[in-house]
Each structure stands twice: as C-alpha cells, then as structure tokens.
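Structure record follows, encoded as structure tokens.
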Amino acid sequence: MIYHVEALNVVKRFGPTTALDHAGITIAEGETHALVGRNGAGKSTLVSILTGLQRPDGGEVRFAGRPAPALADRDAWRRRVACVYQKSTIIPALTVAENLFLNRQGRWIDWRGLRARARDLLATYEVDVDAETLAGDLGVEQRQLVEIARALSFGATFIILDEPTARLDGPAIERLFTRMRALREQGVTMMYISHHLDEVYEICQSVTVFRDARQVMTRPVAGLPHDELVSAMTGEAAVHYEARPRTPGQNIVIKAENLSLSGRFHDVGLTVRSGEVVGLAGSASSGKVGLAETLAGLRRPDTGRVEVNGSHPRSGDVPAFLAAGLGFVPEDRHREGFVPLLSVAENATVPIARRLGRFGTVSPARRRAEAAHLIRTLDIKTEGPDQPVGDLSGGNAQKVVFARALVDDPKALVVINPTAGVDVKSKLALLGAVEDAVERGAGAVVVSDELDDLRICDRVLVMYHGRIVRDVPRGWTDHELVAVMEGIEQ
Amino acid sequence: MARFRDLTLVPVIVLLLAVGAVLDPIFLTSGNLTNILQQQAAISLVVLAEAMILISGKFDLSLESTVGMAPALAVMLVVPAAAGGFGLGLPAVLVIPLCLLVGAAVGAFNGFLIIRFQLSAFVVTLAMLIIVHGLQLGPTEGKTLFQLPDSILYLGSATWLGLPAAIWIAAVLFGAGSLGLGYLRLGRSLYAIGGNADAARAAGIRVDRVLWGVFVLGGVLAALAGILETGRLGAIGAGQGVGWIFMVFAAAVIGGVSMDGGKGTILGALTGVLVIGLVQNILTLKGVSGFWQPVVYGGIILVALMISRIAGGKAQD
Amino acid sequence: MARFRDLTLVPVIVLLLAVGAVLDPIFLTSGNLTNILQQQAAISLVVLAEAMILISGKFDLSLESTVGMAPALAVMLVVPAAAGGFGLGLPAVLVIPLCLLVGAAVGAFNGFLIIRFQLSAFVVTLAMLIIVHGLQLGPTEGKTLFQLPDSILYLGSATWLGLPAAIWIAAVLFGAGSLGLGYLRLGRSLYAIGGNADAARAAGIRVDRVLWGVFVLGGVLAALAGILETGRLGAIGAGQGVGWIFMVFAAAVIGGVSMDGGKGTILGALTGVLVIGLVQNILTLKGVSGFWQPVVYGGIILVALMISRIAGGKAQD
Amino acid sequence: DGGGAAPSGGGGGKVGIDHPRADSDFWNSYMKYVDTLSGELKVDRLNPTNSQNDVSKLVGNVQALTGQGAKAIIMAPQDTGAVATTLQQLENKKIPVVSVDTRPDKGRVFMVVRADNRAYGTKACEFLGEKLGGKGKVVQLQGALGSINGRDRSEAFTECMKTRFPGVTVFSEPTEWEGSKAASMLQTRLEQHPDIKGVYMHAGGVHLAPTLQVLRTKGLLVPPQDAGHVFVVSNDGIPQEFEAIRKGEIDATVSQPADLYARYALFYAKAATEGKTFKPGPTDHGSTIIELPNGLEDQLPAPLVTKDNVDDQNLWGNQVK
Ligand SMILES: Nc1ncnc2c1ncn2[C@@H]1O[C@H](COP(=O)(O)OP(=O)(O)OP(=O)(O)O)[C@@H](O)[C@H]1O
Ligand SMILES: Nc1ncnc2c1ncn2[C@@H]1O[C@H](COP(=O)(O)OP(=O)(O)OP(=O)(O)O)[C@@H](O)[C@H]1O
Ligand SMILES: [Mg+2]
Ligand SMILES: [Mg+2]
C-alpha cells in the first residue's frame, strides 16, 4: 500500500537531547491521523521535519511514495503540506489580510482584491476578525484562528495541525471540526496533534502515540479504549481525576468590588476565600481574561480595586501584588510567561530570588536545588535546571510558568488557561498542584476555556458580555455550563 | 488609519516650515527650498537604503563609507595616474557602472558574512565601515580626487526641468521604493522577514536570498548617493560620507522605521529626511553659534521623536 | 559548557599575544602590557556600562559624549573664570562627585525619556550624544581645559602597587560587575528584562526602576571613564570620548553581548576590550601605514567575530 | 592698497562667513577675532555659519549665505578639493571668495589668506634636526591624514627629515586629531624605543597635554640641559604652548596666526565687496602676495616661537585671555 505521508526511522537530536529516536508515522490517503504523546515526546519536532523546516539527522520522509523535496525547495514543500505550527507564525506588524496570503499575493499586490479575498476566507471559517487590523493587535485566540484559516486555505492535500485547539474555546473548536470534516470529505489527509484525547476520538480515524522520542503505537481509533491510549502515552496505567472534598476557610484572599475596565468588563465583584477554587468561565470575549489579569495586577481597572490577602496593592503594580502573596499564570506564556534565554531554574525562582541568598545575592546552588524540586513535583521534562526554557517543548514551558506561580507558596492564585498545551498526565499534575496549594490554605481563581480544568472548582462564575451572570456550584454537567456561557440560559 | 501612521511627522514638517518662515524671509523662497532638497538628495538615498535594510530586520553601518569609497575607487580605475588614478586606462564612460558595481560588491560581502556566517550585522558592518573607509584612504593616500570624468559629475550637478537632477533622482527612487515595498510581493517580503524570519521562511519566502539582495541594493544606493554627492561637491574628499550614518538612522527612526525590523515605510523615512534637512537649514539661516548648535539640533530631534511617538500612539523600540 | 561560552575570545587573545610576541620583542614585556591595559582602562568602563545596558535590552549611544562632558562641566564648576571655569568658586574637592553626578543626571534623563515616554532608545541616545557633546562645546566654547584641579588628575595618573591606578579601578569594577550580574538578584534581573521585559514584569521585577538604575549607573561609569581619561591626558579636549562608541559596541559584541538583549557576560565584554587593545597596540608597534591601518584593524575585528562565532556555535544577532 | 579705512557707503555689501569647526582651540580663537575685528574693520556681515568640518555642510551653508544676499564669502574649506563646484557656482554669481587657511585646488578665489602649512612642517623639522644633531629618533603625532593641513605638515616634515637629516628616524602616528590616540601611540612608541629624542605635534590644542602627561609619567620631562630631555615642537601657538615653553617643558611651536587670519580675511572680503583688486608682491603687513593658477594668496608669516621670542606681545597667543 502507498501511504500519503510516511516518516521512517527519523532521528533528530538537539545537542544532548534526542527529540526523535528512530520514530516514524505513516498516514493513509484521506484519513485524519492523530499524533499524541506527552510533552516533549517529539511531536512538534516531527512536524518541523514533515514540513521541511528542519533536516532529520537520520531517516526519511516520503510523500505518496516519493522522497521528499530538497530542503531549499520551499515551493515544492508548500505544494505537499500546509501546517498550523504550535509556535505562532503570524507576523505581528502586518495586517491579517496580508498574513493570510503571505508570499502568495501575486507579484503585484492588488490590495483591494487581497482584502476582499481575506474577508471571504475569514467568513468561510467564521473568524470574526477585521482583515485590516494588524495581526499583532489580535488576541492569542484570534491569532490562532487566523493561522488555521491560512493553513486550510492553501488547498494542500495534506494538512498538519499542531495543537490548534489549545487556545480555542468550545464553539471555535466545533467550527474547526466542521471544517475538518468537510475537508476530509474532499479527500484531504490530515495529521492532528492535541492533548485533548476526546477530540482525537471525535475527529480522527487512527492514532499514533509517541513516547520518549519513539513511536510506541499506531492503531485505528475506533475501538481503542481511552485508558489504553493514555497508558500508551504515559507508559503506566491511566489515573482519573477524583474530586477532592474541601471546605472553604474564612479568610478572604481575593476580593474585588465594582471593577470595570472599559471594553472588557463592567461592575464586577467577587470574593475568593482561602481553601476555595473559583472558576471563571465564559465564551469568547466574555471578559474573563481581562478580569483575571486585573485581579493579578497586570491591568489597571477604570473603577474599583482589588484586595489581595487583606492588603490593597496599587493596581497595575505587579510586584506589589506578588508581594501581597499572589501567584499568577498568564494567558500567553510566550509573552508574559517566561524568558526564553534564561534557564528553567532562573525562570522558576524569580519570585523567591530574595530568599535564595543573603545581601541581595542569589546562590546558584540553592536556586538549582529549589528548581530540581519543582522539576520533580511538576514533572518537567528537561535536561536539567540549567536548560534555557526556550529550548523546552511547549507543554514543559507551560509547566515552568506554573512553577514560577507556585514557588512562593502563594496565598492567592490566579491561573489563566493553566493547561494550555499540557499533556493528560501533566494536566492532572498541574491541576493537582493548584489543589495542593489550596489545601495549604490558598484561594485560587482558575480561568479556562476547558471545562475539564473547571472541574476542580468549588464554584464557577460564568461571565457573559463583561458581567458575571451566574455562580454555578460544583456538580454541573458540561451541557448546563455551556448553556449558561452561551447565554442560552440565564 | 494604518495609512496615516507613516505620516506622523507631517505636523512636524508643517511646524518647521512655519517656524522657518517666521524666522527668516529667505526661508520659504523656492530657491532656498530647492537648496534644502538638493542638499538632502544624496543622504536621502542612503536613508532609503537603510530603511529597507532595517525593515528587513538587519543593520548596515558601512553605507556611509561606501558613499565615499565607491566613487573614489571607480574614478581611480578610469583616470590616468597623473590625476591620482591607478592608470589602468579604462574608458571614462565606465565610471558610473564601476561605482555602482563597487557598491554592490560591498553590499554582497556584507550579506555574505551576515547571512552565510550568521555573524552579528552590527559588528560586521561596523568593521566594514572601517575597512571600506580604509579602502578609500589607502589608494588615495587621503588625498582629494578632483580631476574627475565629466560623467560622474553630471548627475549631481545637472538641472532637469528647472530642478537639480539629484532631486528628480531621489524623488523617483523614493517613489519606486515606496511602491515596491507597498505593492510588490518581493517588497512585502521584507516586512515578513523583518517581522518574523522563521515565519517568513515557513511561508516559503527565500529569506537568505532576499536579504542578500537587500544588502546589495543598499550598497548600490549608497554608491549612487556617492555619485550625487561627488557631482554636488565637484571632487571626492577623504571625508565624503563620513559621519552620515547617525543622521541616516535618526532620519529613518524618527520617520517611523523600527530598529527591530518589520515596521516602517519608505514614505515615513522620507519625512524623517525632510525634518532633518529643514532643521539644518533653519539653524544655518539663523546662524546659531557652532558651539550650541548641537544642543538645539539634538533637542529638535528629540521633539520630533516625541511628536512622532504621540501621533503614532505606540511605544517605540 | 555554558560557563565557557563567555570566553570564546580567549583563543583570539592567545593568538594575538603569540602574533605580537613574534612581530615585536617589546610586545610581551610587562611595560608594554601594562601600557595596553592602561590605555584601555577608561574605554573599558564604558564597555562595562554599555554591556549592562545591552544585556537589559536597551541601547545608549550618548555614553561617549558623557566621557568628555561630565569632567569638563565638573571642572568648569570648580575652577576660576580665568582658567576657563564658570567662576562659581565651588571647592575643588567636589570635582569628582560633581563629575559623577553629571554623568548620573545624563543617564537619568535618558532613562526618563526612554522609559517614561517609551521613546526609541537608539534615537533618544543619538540625540543625547549630540546634545551632551554640545553641552561641553557650548560652555567651553570648544576650548581645551588645561588648568585642572589635582584631584581629577589623580586617578588617571597615579600608580598603586606598581600598576596604574586606572587598571586597578577597571579590574575592581569589572570584578564587581561580573559578580553582580552573575550572583546578585538585581543583576540577574537585567537578563530577565533584556530577555523578555513583559515576563520580567509579570514575575514581579520592577522593570522600569531597574532600567532606570542601569541608565544612571551607565552614566556614572562613563563619567568615571572621563575622569580616568582626563588624568591620562592631563587636559580635557573638546574631542574627549568622541568616536568611542563604535569601538565600545564592537568590544561588547565580539565579547558575546547580544544587541538584542538578555545575552552576554561582563567577562565576555572584557575579553572584547582586550582584543581591541591588543590589535591597536600591535598595529602601532608595527607602524602600519596610517592609510591602510583601518583595513587591517577592521579585518582583525571581522576575524575575531568569526572565531567567536565558531567557538560560540550559535548564530549571532 | 587701501587699508581698512573708508566705511562702505555705496558699493559694499554683506559678507558671509563660514567657520570650519567649533572644536579646536585655534579655530575658536579665530572665531573670536572675527567677531571683534569685524566691528573694528566695520565689516557688514551676516550671521556666521559653521560647517563642523564637513564639506557637504559647507556647501549647504554657502548656499544659505548667498540666499541671504552675501556679496562676498569667507570660508575655510578643510577639504580643498570638494569645494570646486561651490567655487564655480560662486564665480558664476560673481561672488568673490576669501579662503582662509587652505588653498582650494580648483575654482576661482579672490584671495587665499594662509600661512604655509608645509612651512610649519619644515620649520619643525629644521628645529628638531638641529637640536638632535641630525641623528636619533623622533615621533611625529599627525593630525588626520584626510585633512590637507595634516597632510601638508606631515609630508613636509617627513620630506625635510629625509633630505636634510637622513640620520633621523621618523615614526609617524596618525592620531586623527585625537588626544587619546596621541597618548596611546606615543606611550607605546616610547616603550618600544626608549631612546626617542624628539616629538613633533601637529596640533598643540589636542596633543600638548597628552604628550606632556606621557613624558611626565616616563620621567622624561626634564630640562633641555639634561641628557634625557626629549625635544618637543608643537604647532598652533596657543597660550598653553607658550606657557609650556616658558617652563621648559616643550622647546618650540609654530605660531599659526589666528588674529592675522581673521583680520586679513575680513579685510580682503570687504575690499572685494568694494570692488578693490590686488596684485602679487610684498604687502604693507610684512607678507607677500603670490599668484596662484586660480587666484592670489597672501602668505602670512608664521613664526617659530622658542624660549627666545615667547614673550613677544605680537604673537596672537600672548593676546588672548
Ligand atoms: N530548538 C531546540 N533546541 C533544543 N532542544 C529542543 C529544541 N526543540 C525541541 N527540543 C527538545 O526536543 C524534545 C521534543 O520537543 P517537541 O517540541 O517535539 O515536543 P512535543 O512533543 O511537541 O511537546 P509538546 O506537547 O509539549 O508540544 C524536547 O525535549 C525539547 O526540549
Ligand atoms: N489587548 C487588548 N486590547 C483591546 N481589546 C482587547 C484586548 N484583548 C482583548 N480585547 C477585547 O476585549 C474583550 C474581552 O476580552 P477578554 O480576553 O477579557 O475576554 P475572554 O473571555 O478571555 O475572551 P477570549 O476567550 O476570546 O479570550 C474582547 O472583545 C477582546 O477582543
Ligand atoms: Mg509541540
Ligand atoms: Mg481570552
């Protein structure tokens, strides 16, 4: 049988790290093939090899039985494969329209025509973005939608999607799937990477599992038990989330009244007690992220103020919020999450640097020890505390951001999309880490587009058009919560 | 909106015109304004070159040395030894092609080191700034070349339709640059490369080849600037172009071109050049003391920068 | 591994020492080596300042003007009008504190414009390069200040334990800088800010305050460099420090400090200074013709850059 | 000729002045003299411009001055080739040019007012050559090799040494008019050749203090009678050089007459606006006018100042305060 895409015995090393160790994948014509594996398993590395961005150290890639084109021949690659990369390939200083048609605008650009085509394209994929805005002004989510629309618009017969849904909310994911089904009907082959295994079951026909840089399993999805898939990824039996019972304490750790930020949210009030996890949910543009960033001190509200752990840090003054006992996981890890050139240890320990030595010094040994501990508890896959975070896989970088939020034993936690791009096992670990912190007496706000993340919450505040419309206690079903979020049920 | 971001300096230019007119009756005469344009014509070509290089995310300090060295070397190749040449006896008509060729060669060498060897553009072109200037000083032994072939003098001194040819040339090239960067796929690819080279590469843009081309074009424009300057001055001194590069950067950046790449327009860079030209002219007309002139001059650049910041609304980098 | 990345220039230094020793028997004498260090002491402080500023992701061109202006202004504040001063009659012992204060003020003003107004660091400090130099030219009317208080001459000309004081001062400051950036919380925060200012802010680092401090410290170091240079030269000319900034950047960048921020070490910058000092010394000893000197000099910088690229293994920016 | 008498009733016109640079002691004194003497000589002048050592600025400044109605121009083009076109244009407009300190290679000039820079080099060479008895090693701290004055001094000095004192070895150091480079190069050279016995500095303003500082730290700043004395000849004639000569720290300097430059530049410019002309031959102020291919040149005296004549009140360096 001739496969549409084959990667055989691929080896790729980055210095001491082996990202792919004789791994491979074979994808039949017209199927949607999932690639799953834990963070750092080598998925994105395979993507860069399948799209001709990197040369494998060994092994080969074949399209429809023929060897892949030379690395320099980008046009040939682009005819064979389109891709949504895990790392953004949007160019911030250009408009959305131009980003969509980058390098295929025609020799002379007809701007009016280009904009019209861009609007059509955006409309086709139901992306609610003005074609003339600068891509840099878009939110993470909108940016992701633009990338997806671009990749799908090439008319390539093979499309790779590397964690396209990590930053999308439910309806957007549904729209993407509708699109993918239509493409499959047209005979397009797809490779789909996600840490949401239910999506794999929903959209894919077969699945390949990578573990520790090797291919460990390839199976049709139909009839594959969920637990078996998870244990193939993790190499051990699957563990399920179990609700931990809690009773909130009396201390109020986060309190806000009359908070407003024009264009984002209005007149919002909430209190979070120690020993309590409060969820913030809402569909796109509901204002939940803006609110969370205000609670963390990143934004200065137009009215109202935030009380953290009994003190009133000056709004917009992040260090004051952190000093008041706040831990924070930002929405976009690349922008506010980590310093790529600095090591895992340094990134993770910035908030406690003052405790790692005397007279303003930082002892590297103590920093490394502290980091080693975090690496163990959060299960970060890295060469060691000294590896730059920029070299980590996406999910592991997210864990470093988490480590930074937890390192100072915060009294209040604000985490935004905490498990974006994190594998199933690590997801439990990260959410467990939030719950551990809460058991130690912290109060937490969890903002997420993923309902799974919200399961740890004692109650979920649902936002709609910038206002908190409902306080949903534990025990909700997906259907109920989504109905509130979509404003169907008030 | 986006269209007008290039033109944040227009109010500054209007202000300078008004101030100039009040300060000196000569200022708004067509003669004086023509002078300003002519004086800025040569340096504006270097600004054009630098703007393109900056937009594609790179850096070239060596352009200023090419302004002197390219015409000097070209002239030495064609004039007899008695006039300070190498005495090769090449035909004089070749002087302009040779000059542009020398500029292209410097650009190509810069590109080679920066792109192939992945060396720091700043230090490579800094070293080249020194080396290229040395390649003028060495053969000329620091002497001024003043027996020049007529052809190299023509462009910088001729008048076409009542305006100096240099102004026409600069205008046409700025027009071409503006259209090219606005409407050509190749031109747009500079923004993509400067904005995110990896993404540009993933989108199939031949990043290395385009960058190389930009460096070569930059060298050619600097050489052409040298030709215009040579015609305007009537000789090639050892200091031709020396010290320009700072003004070139200042013009480009106050004109809205980002030092971080991917941002800015050719039209914006042009407004930057005009601001600098107007300031210099006003300072000259008023005869501000040479000692204090730098303070006034630098102060005005700061003010222009602030206005372009306020009008542009965004933090600069 | 990471430890040695700073020291990619060490083989270049060894090579230069070997070449120098072969070319001239004087070269390896302790007298000559001391001279090299003394000659580089003042500029090395500016490199130290620039390295810190670059590591925190900013840029300062105006340091070179501070090298001349700060001591000149300080001297004019204390010497009588007959010696070219303002005739304020301030006590002469204040000259060094005043000089450092002036440097700090320039740094603070730079920081103010760049951080508060979010203006482009390149253009702000370019304008300030011009303005600060003008603030020296204006009051001195371009004259060299010859009659200096002894205190300002002392540091640059004294000898401590058989070595020029300037060498000790530079050594101590480089040691402090290296330790500070390696082991102080504040020092480490420069790397975080230069690497990703938003992330640094979200991690609780007071980015603006730290950056401001870095600019002020940079100004103070440049003023101190001015004091050392004044002592070495015995007078303050209008050109003191002028033209240094390119060499400063070259030294920092070939020493491994990135122009993009967040990368590099103080020790690396020091090796960059040493390379430049050795090259200059060898060229002087060999008496290479002044006309061709730039070509040799620039060529050696390129070679050093390549070696540091090959030894460092990573693309530069 | 007509001296500086008659106030211009008719015929005259505004004089445009462009100064070459604002960062050297010599030119600063010149600018001061221009200010004071233009009152004394009743010269009607426009605001002076300053081309800051950049010929392309000079061209712009001259355009601005003629735009403002200058009827004669005083300039000091430091790049003598690159003003050719400008001179051509001025000639077309019938605006006479007085060139101070430098002699343009091409293009009409009404009068060149300068002392011979080659003569500076030769005088320095003769002085040093004799003091050293025609043998030994000397260092020449050059200006910028791209500047005509630096090159003239340098070539004349080297040539004279080669022909008249072949026993003297000359080390030429290109300092770009920078004190810092001068100090480093002299220091290195003295390390290499401790038996250096003479120094010729192209510019006292920038080279004097660094040279003295280096000699002092090397213990070479000793009286002329001492065997270890290094003979130093400077150039410019600023007061600090005279001071150093009096103290015996340096031995001589060539006084470049800043005052005469200013006085006769203004004088000839004014004369030109009044339609006066001049002929080659001796003048009433102790100089000679010579004929050039492209105009005339008044060669002003540039005396060598030594301990013997350092207190001469006619030297400009003794008049400034
Ligand atoms: N440029 C690089 N330099 C060094 N190491 C790298 C680089 N890119 C990837 N790696 C390493 O290769 C391994 C595989 O990374 P990869 O990005 O392929 O993982 P992934 O499976 O996509 O993980 P995730 O699910 O978190 O995205 C990781 O250990 C990572 O640290
Ligand atoms: N940086 C920004 N500047 C201006 N408006 C913004 C910015 N970021 C987001 N917005 C807009 O503010 C509104 C609320 O956004 P916010 O991110 O707080 O909501 P959200 O619930 O997180 O939405 P989403 O799920 O789409 O991220 C939206 O209309 C969004 O487009
Ligand atoms: Mg990945
Ligand atoms: Mg959001």
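If you're wondering where the values come from, they're calculated on a predicted model, not measured in any experiment. The chains referred to below are lettered A, B, ... by the order of the sequence lines, with proteins before strands, and numbering in each begins at 1.
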Does a side chain donor of either D:Q68 or B:D24 reach within less than 3.5 Å of an acceptor in the other side chain?
yes

Looking only at non-hydrogen atoms, find the nearest pair between D:A84 and B:G234 and report the distance.
CB-O, 4.1 Å

Heavy-atom distance under 4.5 Å to chain D: side chain of B:I26, backbone, both or neither?
side chain

Nearest-0.5 Å distance, NZ of residue D:K57 to CG of residue B:L283:
10.0 Å

Crowded around B:W292 CH2? As in, over 12 foreign heavy atoms under 6.0 Å?
yes

Taking every non-hydrogen atom, the tightest pair across D:N47 and B:L285:
ND2-O, 4.3 Å

Spacing of CG belonging to D:D54 relative to CH2 belonging to B:W244, to within rounding of 0.5 Å
8.5 Å

For the atom pair OG1 (D:T66) and CG (B:N35), what is the distance rounded to the nearest 0.5 Å?
7.0 Å

Quick check on the interface: out of D:Q52, D:R21, D:Q78, who has the most heavy-atom pairs with chain B under 4.5 Å?
D:Q52

Find out whether B:L233 and D:V59 are in side-chain contact, i.e. whether some heavy atom of one side chain is under 4.5 Å from a heavy atom of the other.
yes

For a 4.5 angstrom cut-off between non-hydrogen side-chain atoms, does D:Q88 reach B:S157?
no

Have a look at B:T284 and tell me which of D:T49, D:D18, D:N61, D:N50 forms a side chain to side chain donor-acceptor pair (under 3.5 Å) with it.
D:N61

Evaluate whether atom CG of B:D150 has more than 12 neighbouring non-hydrogen atoms of other residues, nucleotides or ligands under 6.0 angstrom away.
no

Starting at CG of D:D105, measure out to CD of B:Q147 and round the result to the nearest 0.5 Å.
9.5 Å

Most contact-rich option vs chain D, by heavy-atom pairs under 4.5 angstrom, among B:R232, B:E229, B:Q38, is B:R232

When the 4.5 angstrom heavy-atom criterion is applied to B:Q280 and chain D, the contacting part is side chain

Identify which of D:L46, D:N28, D:V55, D:T86 forms the greatest number of heavy-atom pairs closer than 4.5 Å to chain B.
D:N28

Under 4.5 Å to a heavy atom of chain B? For D:S56 that would be both

If I take atom CZ from residue D:R151 and atom CD from residue B:E141, how far apart are they, to the nearest 0.5 angstrom?
9.0 Å

